[in-house]
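Below you'll find the structure, written out as structure tokens, and then a few comments.
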Amino acid sequence: EFSGLKNVDEDDLTEIMLTSVNYPLKAAEVREDIKQIFALGRFENVKVEIDDFGDGVKLKLILAERPVVGKIEFRGYEKILENDLIEAMKIKEGDVYRKNLLEDSIKSIKMKYTKDGYFNAYITYKVKDGEDANTVKIEVLIDEGEEIKVRKISILGATKIYVKDLSGLMETKEDTIFQSGSFKQEVFEEDKRKIIGYYQQEGYLDAQIVDEKVEYQWSDPLNPDERSIFIVLKLSEGDRYYFDGEYTLEIEDGKSKVLTDKEIEKLKNSFLLKEKGELFDNTKFLNDRQSISFLYASKGYIFARVIPNKTITEKEVEIDGVKEKRKFVKVHFKIAEGKKAYIEHIIIKGNKKTKDKVIRRELVVKEGELFNSEKMQISREKIFNLGYFKQVNFDVRPGSRDDYMNLIIDVEEQPSGTISLGGGYGSASGFSIFSDIQEKNFMGNGQIIGVKFEYGPKKTSAT
């Protein structure tokens with residue numbers, strides 16, 4: 001017998017219990033039942049009473065349910081979209097209320113504001129009784145504070161590349177009349193990658209950021225009324241490297257089972273790093289390595305391993321009549337071709353509105369056929385070009401049998417509707433108003449629906 005149930009069904013509990021009617025009562029099983037019921041996370045308290053009942057006993061479970069979150073309201077927000085706040089919440093409407101998850105949610109929202117440059121945002125919450133029995137209403141109270149702007153960016157240790165060039169790569173800017181000076185953590189992280197990437201393009205393969213500081217403090221210590229962000233990046237540039245002649249390729253089994261001699265020669269001619277003595281551009285090197293993997297993947301060998309072995313030597317060279325020592329990089333690629341891989345299933349995820357069939361009809365890859373990197377790239381572009389998605393990512397996971405893999409297509413949707421409003425005045429026509437509403441992905445079927453409306457003293461129409 002169960003007592004105190006409001007939102008939980010008795011059958012859900014009897015399914016997980018070891019104790020059953022018409023079977024011997026065992027203390028160990030009752031203890032396990034209590035653990036299993038607690039593990040559901042839906043109860044604050046579970047008590048057990050045992051009374052005589054006919055020729056046996058009656059087991060009574062007295063339960064105190066946790067309340068359910070009936071509604072979540074956000075108050076005081078302007079700078080961040082409500083959808084982003086909902087996404088940051090670890091607890092959702094309809095979930096069982098748990099204080100620890102709510103407090104984690106508040107930390108997550110605070111982190112979101114911090115990443116967007118609102119360092120002194122203050123977030124708190126209230127929990128009230130909900131409209132329905134055993135429900136609660138959560139109010140998230142937000143004081144966004146002021147957005148703190150970037151006052152100064154200092155790049156230290158740059159002696160071989162102009163600081164101005166490095167600053168020009170960054171999307172994070174100092175606050176001026178012409179620039180907003182907004183700070184976003186993810187943009188700043190990308191800025192750091194751009195700086196290191198630029199160094200590596202220029203042959204400084206060992207370049208790294210050895211220290212960084214993002215501090216907010218008073219813009220003027222003598223007049224503490226405005227805070228600013230001060231950024232310091234300290235670089236270690238390292239030596240410059242040069243390319244030591246063409247790549248060498250070694251296939252694990254001696255001779256390729258996949259590529260013909262003509263295809264290998266064509267591959268070598270396509271490499272971007274070619275000339276002995278040119279700067280070792282790391283971006284070109286990565287593209288060259290990827291081109292080998294891509295060629296194998298286009299023939300179904302998606303697990304071909306391309307391992308570069310680098311040998312560095314120091315040589316004395318003469319540049320414009322002056323001798324100097326330079327470091328050269330020789331690259332030897334070892335290739336293990338592996339086995340062919342086939343597509344077992346194509347799994348689509350992340351599409352909440354768009355139907356699977358809309359995505360599948362853009363695919364030029366099919367289940368059961370060999371993996372083909374070229375076809376996968378074309379498929380990805382065709383899906384992205386629909387205009388319904390912010391991101392389209394392809395991933396590969398093991399299938400249910402050898403040589404078969406599942407292709408995972410993970411999409412992130414974006415708004416597909418547009419609204420245009422306007423009006424005007426003419427001495428002959430008087431005031432006029434027009435609107436144009438368009439939905440490019442109606443009902444998730446990939447159909448375009450549009451409505452136009454015009455209103456004026458001489459003409460009113462809708463199409």
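Atoms considered below: every heavy atom in the structure, side chains included; atoms not considered: hydrogens, waters and symmetry mates.
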Report yes or no: does [X] contribute a side-chain atom to a donor-acceptor pair with the main-chain N or O of [Y] at less than 3.5 Å?
| X | Y | answer |
| --- | --- | --- |
| Lys382 | Leu363 | no |
| Lys110 | Phe119 | yes |
| Gln36 | Ile16 | no |
| Thr172 | Phe183 | no |
| Asp288 | Leu272 | yes |
| Gln217 | Phe230 | no |
| Lys152 | Glu174 | no |
| Arg360 | Ile346 | yes |
| Asp403 | Ala341 | no |
| Gln414 | Gly387 | yes |

Plane angle bin for Phe333 and Phe285 - parallel if under 30°, tilted between 30 and 60°, otherwise perpendicular: parallel
Point-to-point distance, once rounded to the nearest 0.5 Å, from [atom1] of [X] to [atom2] of [Y]:
| X | Y | atom1 | atom2 | answer |
| --- | --- | --- | --- | --- |
| Lys35 | Leu18 | NZ | CG | 11.0 Å |
| Met111 | Ile123 | CE | CD1 | 12.0 Å |
| Ile142 | Tyr113 | CD1 | OH | 4.0 Å |
| Lys192 | Gln208 | NZ | CD | 12.5 Å |
| Ser167 | Ile195 | OG | CD1 | 7.5 Å |

Can you tell me if [X] has over 12 outside heavy atoms packed within less than 6.0 Å of its [atom1]?
| X | atom1 | result |
| --- | --- | --- |
| Arg193 | CZ | yes |
| Lys310 | NZ | yes |
| Tyr122 | OH | no |
| Lys194 | NZ | yes |
| Glu103 | CD | yes |
| Lys90 | NZ | no |

Judged by modelled atom types alone, do Gln201 and Thr283 share a side-chain donor-acceptor pair under 3.5 Å? yes
Would you kindly say whether Thr114 and Gln185 are connected by a side-chain donor-acceptor distance under 3.5 Å? no
For the residue pair [X] and [Y], what are the closest heavy atoms and their distance?
| X | Y | value |
| --- | --- | --- |
| Met17 | Leu61 | CE-CD1, 4.1 Å |
| Leu235 | Ala158 | CD1-CB, 4.2 Å |
| Gly41 | Val96 | O-CG1, 3.5 Å |
| Tyr204 | Gly238 | CD2-O, 3.6 Å |
| Asp191 | Glu171 | OD1-N, 2.8 Å |
| Ile229 | Ile148 | CD1-O, 3.3 Å |

Before you tell me yes or no, could you show the steps for Ile347 and Arg397 under side-chain contact (heavy atoms from CB on, under 4.5 Å), namely the whole-Å CA-CA distance, both residues' side-chain angles and the distance that decides it to 0.1 Å? CA-CA 10 Å; Ile347 299 166; Arg397 303 276 173 82; over 6 Å; no
With Lys137, which of Glu73, Glu93, Glu131 fulfils salt bridge (Lys or Arg N to Asp or Glu O under 4.0 Å)? Glu73
Indicate yes or no: does [X] engage [Y] in a salt bridge with an N to O separation below 4.0 Å.
| X | Y | result |
| --- | --- | --- |
| Lys213 | Asp211 | no |
| Lys352 | Glu413 | no |
| Lys299 | Glu263 | yes |

Working for salt bridge (Lys or Arg N to Asp or Glu O under 4.0 Å), residues Glu337 and Lys257: CA-CA 8 Å; Glu337 295 180 325; Lys257 307 186 298 293; 3.6 Å; yes
Test side chain to side chain donor-acceptor pair (under 3.5 Å), reference Gln377, set Arg380, Glu381, Glu374, output is Glu381
